[in-house]
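What follows is one structure encoded as structure tokens, with my remarks underneath.
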Amino acid sequence: MTHFPRAIRRLALVLPAVLLVPQPLLAQEPATPSPQHVTPAGGTPWIYEGSDVPRDEEWIFGELPNGLRYAVRKNGVPPDQVSVRVRIDAGSLHEEDSELGYAHLLEHLLFRESRYLGPAEAIPTWQRLGATFGSDTNAETSPTHTVYKLDLPNVNEAKLAESMKLLSGMVRSPVLSDANVKAEVPIVLAEKRERGGPGERAGNASREVLFSGQRLATRTPIGTEETLGAATGDSVSAFYKRWYRPENAVIVAAGDMDPLQLAAEIEKWFGDWQGEGPAVPAPDFGDPVAPAGADPENPVGEVGVVVEPDLPRSFTYAVMRPWRPVQDTVAYNEGLLRDALAQALINRRLESRARAGGSYLYAQVSQDDVSRSADMTFVSFAPLSDDWKTALDDIRGVIADALATPPSQEEIDRELAEFEIVFKSQVEQRRVLPGPRLADDIVNAVDIREAVAAPETVLTVFNSMRETITPELVLDHTRALFTGDVIRASYVTPATGEASAEAIRAALGEDIAADAEARVAAQAISFDDLPAVGEPGEVVAQAPIGVLDIEQVEFANGVKAILWANDAEPGRVAVKVRFGAGYRAIEPEDAVYANLGYAALIGSGIGELGQEELDVLATGRKFGFDFQTGDGAFSFYAQTREQDLEEQLYLFAAKLAMPGWDPNPVIRAKAAGKLAYESYGANPNGVLQRDLEYLLSDRDARFRTPTPQMFDAATPEGFRETWEPLLKQGPVEVLVFGEFDKAATVDALRRTFGALAPRDAAPADVLERPVAFPEAGETVVRHHRGDANQAAAVIAWPSGAGVENLRESRRLEVLVSLFNNRLMEAMREHAGASYSPVVRSEWPSDVNSGGRIAALAQLRPEDVPVFFAEAERIAQELASAPVSEDEYNRVVEPLRQYVSRASTGNLFWLYQLEGATQDPRRIPMLRFLLADYTQTPPAELQALAQKYFGSRAGWRLAVIPQGQTLATAAQGR
């Protein structure tokens, strides 16, 4: 196994492998900063007050005299990055009735203008610092908090200081003028419009029922058009002054710097912050209360039936208890683990019943503390038909059995083994946990008023809980989960008259007999008892590929593997298997089976083993089994670990060698497809999801979303007839990247993939099957059944495909990023027409057709012509003149930092090298990757724009509401 420091991995993008020798660095030792308010040794950090949870020693905590609290730590994943989170303890639940949406509006306004950033300067300023807007710089508003997020790449002391200065100006001194509010409200309304439609209406109606009488029932972060439209600089300032105060703020910083430096910068820029006026206590969020006369033993309360013709059926009922702050102790966490165990046992039984065929598509039990408003046990399910009552009774019967009789010890042991593998993996992977996740963990702990624990502590708490667990104790926790002050329910259905609140209330009030048949019987299945894939194969070639220490291995049966054994990510092994010809091998009449393959192929089993038996085999192991149909190959993918790698390889190889054909997963996938289909027409985005790929491939039937009629005509027998020959197709490529023993893995590959029978080659006409691009002409129009103010528009141009011009595809990404920035400014800032327009480049590298550049946006129907005009204008401007140096750098620097960070991980190299056993040209092209993204001069980008935009008009699609005609000219604004 090799060790390549993350910095050396990045150098591999620009230097030959033979030069990858670490060189000594000469630097002066910087002076250690001296923050003044770090929690002293032996003191109790603020997050651990009242808790006996062992402190995570990697975090350093501090509290300033003004009440602001902070947490900092050293973290080198990704290298040279610092992740900063500024959390304000105010969300939509803190709003008065006249302020609905203000917490989220403030999130926008802080990015618009502040003490150190002029109007609309925040995004370009962060780009110049290497941070990509939307991924590296972002924010979120929830009912209980607002969080500002910065992942700062290529950090040094000067850049950190500048960033903390800018953040302090945003948080402490935003410019909340009437002009800024007037400019930002249309953007927020565009975001609200894009979220709107049947899904939002159903969600709002369900929330009003489930949280009846509480603030959460009527307060969503997006607000209302009325309150947002009435917002002024003064009214927003009043909300800001009430809640944006240092005692309501927590700042978290985790990154590749001295944590004391991080603490010193926080103290420097936030230490003298003072709130304006007296502190205001948070409002009472309210408690769930049963209505008068409810049965104390079964306190069924409010029930709602929501009719949305374009949504599939979904049913949720919840057992609700008041939320109260807890003492976050070890004993409390042991109780949470017992609760989780009780839920896992029920969920396995519910899933087992659904797999076998029944009255519901899925069902799940989950406990959650929702927005500090209620402690809730949810039961959520999707009936397969309009007979919601049978589905509800079946699910309640499974739960009734769990409430009546303790689980078996075998069931408990199985779930505990699943928990153990998760907690052990977290310990193994602790040193590669990314900084953004660690920072978010602190933010989330503060939000729910709990402490944080190191992975070792979590494993220790689990083991201490495990020693005390008994079937009777699990039964006690199960009963507690389904005991509460009130039970509320919401049913979403497409059909009027299918259900009533009275009927649902009566059904929930009925006594249900316990259904013990759903219990999953213990089974003894061992990998040792499974049939061999075949006779172990012979290695016919093994050699390095010339990049880092990556090797290629070839077996006598034609299977080829790319292996990189390294210790950069402890406890992780990524495995990808590519086989066959992907979409090229799908016949047009088999589109429905291509669609079903994603949902049913893995579940249909291996040999005599169905999904239930495969789950038993997976107990106590870390397996994955994702399946995808790609442009030029099918693929399996998994994240596993060294201890389970051989078994993971066996499962993948056995799926190719001896697939099972259980019909139940196919039947279930058909039902899911039919239930989802009607919802596609509910809004513009759903229509794009349904039709865009089909239309962009010039109506190629292989890419058509199956209709309910197509699902009805599909059969398990047809599924097998389609997929059985596809699973026999070659070539086969196996990629294994991560912490593993190379020699042992080659031997495991001999017994699995090397033992496969030689694969069938795809016919030549299949391999040459192209994907066409539609001719530009009249705008294609599709209609949706959603809100009258919602539309979507797409404009697209054909581009390239294949490995030969792969370097051009990278340069095209730079051009597309420039296009994206300009379109965002045109549509969001100037016109207020769209919240999040986006431009994408798709360049399939393992086929020779199908590439395209597409710009799309959700907007108002009357703004569709604005979008087309702006997109065409930008395309032609990019083709007619090179971009400025500043605009160029604002795109290139974030791309440089993205590639630099991504290249420190194994998956980056796996994705770059997949397919290289069939087309070795990919390997030398790696050397130019960073240069292609960062050293393509503006004149070359202009030439690319001329090539792809200059000589042709874009193909256009508009999705508008039913009953409307397409606007053909921009209307006055």
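The shown structure was predicted, so the numbers you read here are calculated from the model rather than taken from an experiment.
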Approximate separation, where rounding is to 0.5 Å, of [X] [atom1] and [Y] [atom2]:
| X | Y | atom1 | atom2 | answer |
| --- | --- | --- | --- | --- |
| Met164 | Gln261 | CE | CD | 9.5 Å |
| Phe652 | Ile602 | CZ | CD1 | 7.5 Å |
| Arg572 | Asp567 | CZ | CG | 13.5 Å |
| Glu842 | Ser799 | CD | OG | 8.5 Å |
| Phe753 | Phe555 | CZ | CZ | 10.0 Å |
| Arg437 | Asn444 | CZ | CG | 11.0 Å |

Within a reach of under 6.0 Å around [atom1] of [X], are more than 12 heavy atoms found that belong to other residues, nucleotides or ligands?
| X | atom1 | value |
| --- | --- | --- |
| Glu885 | CD | no |
| Lys424 | NZ | no |
| Tyr898 | OH | no |

Given side chain to side chain contact (heavy atoms under 4.5 Å, CB included), test Leu944 with Glu808 step by step and report yes or no. CA-CA 9 Å; Leu944 274 180; Glu808 182 166 293; 3.6 Å; yes
Backbone N or O of [Y] within a donor-acceptor pair of the [X] side chain at under 3.5 Å?
| X | Y | result |
| --- | --- | --- |
| Tyr48 | Asp56 | yes |
| Glu642 | Asp741 | yes |
| Thr137 | Ala131 | no |
| Arg922 | Glu914 | yes |
| Arg852 | Gly850 | yes |
| Lys560 | Gln552 | no |
| Trp843 | Gly802 | yes |
| Glu739 | Glu569 | no |
| Gln897 | Gly130 | no |
| Asn138 | Gly134 | yes |

Please test Gln542 against Glu551 for side chain to side chain donor-acceptor pair (under 3.5 Å), starting from the C-alpha separation and ending with a verdict. CA-CA 7 Å; Gln542 183 172 352; Glu551 289 193 359; 2.9 Å; yes
Nearest atoms (heavy-atom pairs only) where [X] meets [Y]:
| X | Y | result |
| --- | --- | --- |
| Tyr148 | Glu107 | OH-CA, 3.4 Å |
| Val891 | Val814 | CG1-O, 3.8 Å |
| Gln81 | Pro436 | NE2-CG, 3.6 Å |
| Val539 | Val746 | CG2-CG1, 3.9 Å |
| Tyr116 | Gly169 | CD1-CA, 3.8 Å |
| Gly624 | Ala638 | O-CB, 3.4 Å |

Would Asp747 and Arg750 count as a salt bridge (charged side-chain N to carboxylate O under 4.0 Å, His left out) here? Give the steps. CA-CA 5 Å; Asp747 199 44; Arg750 287 182 56 247; 2.7 Å; yes
With a 4.0 Å cut-off on N to O distance, would you call [X] and [Y] a salt bridge?
| X | Y | result |
| --- | --- | --- |
| Arg890 | Glu887 | no |
| Glu58 | Arg430 | yes |
| Arg641 | Asp644 | yes |
| Arg128 | Asp886 | yes |
| Lys74 | Asp258 | no |
| Asp151 | Arg901 | no |

Under the side chain to side chain contact (heavy atoms under 4.5 Å, CB included) rule, what do Arg85 and Ile442 come out as? Steps first, then yes or no, please. CA-CA 9 Å; Arg85 304 290 184 263; Ile442 293 283; over 6 Å; no
Tell me, do [X] and [Y] make a side-chain contact under 4.5 Å, heavy atoms counted?
| X | Y | result |
| --- | --- | --- |
| Phe111 | Leu117 | no |
| Trp269 | Leu167 | no |
| Glu647 | Phe623 | yes |
| Arg73 | Leu438 | yes |
| Gln912 | Val547 | no |
| Thr936 | Leu941 | yes |
| Pro570 | Val432 | yes |
| Phe423 | Val461 | no |

Run the numbers on Leu563 and Leu749 for side chain to side chain contact (heavy atoms under 4.5 Å, CB included), then give the verdict. CA-CA 11 Å; Leu563 311 179; Leu749 285 166; 3.9 Å; yes
Apply the test side chain to side chain contact (heavy atoms under 4.5 Å, CB included) to residues Val38 and Tyr70: give CA-CA distance (whole Å), side-chain angles for both, the deciding distance (0.1 Å), then the verdict. CA-CA 9 Å; Val38 170; Tyr70 66 78; 3.4 Å; yes
Can you confirm whether the side chains of Arg578 and Thr917 place a donor and an acceptor under 3.5 Å from each other?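 Thr917 and Arg578 do not have a side-chain donor-acceptor pair below 3.5 Å.
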Under 3.5 Å side-chain donor-acceptor pair for Asp549 and Asn566: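 No, because no side-chain N or O of Asp549 sits under 3.5 Å from a partner of the opposite role on Asn566.
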In terms of ring plane angle, is the pair Phe419 and Phe462 parallel, tilted or perpendicular, where the classes change at 30° and 60°?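 Taking Phe462 first and then Phe419, their aromatic rings sit tilted (interplane angle of 30° to 60°).
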Go through Glu813 and Arg810 one step at a time and tell me if the salt bridge (charged side-chain N to carboxylate O under 4.0 Å, His left out) criterion holds. CA-CA 5 Å; Glu813 292 281 357; Arg810 300 166 185 163; over 6 Å; no
Quick one: which of Val803, Asp846, Leu806 gives a side-chain contact (heavy atoms from CB on, under 4.5 Å) with Asp919?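 Going through the options one by one, the only one that passes is Val803.
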For ring pair (Phe, Tyr, Trp, His ring centres under 6.0 Å), just list the numbers for Phe636 and Phe625, CA-CA rounded to whole Å, side-chain angles, deciding distance to a tenth of an Å, and then say yes or no. CA-CA 6 Å; Phe636 300 142; Phe625 218 140; 5.4 Å; yes
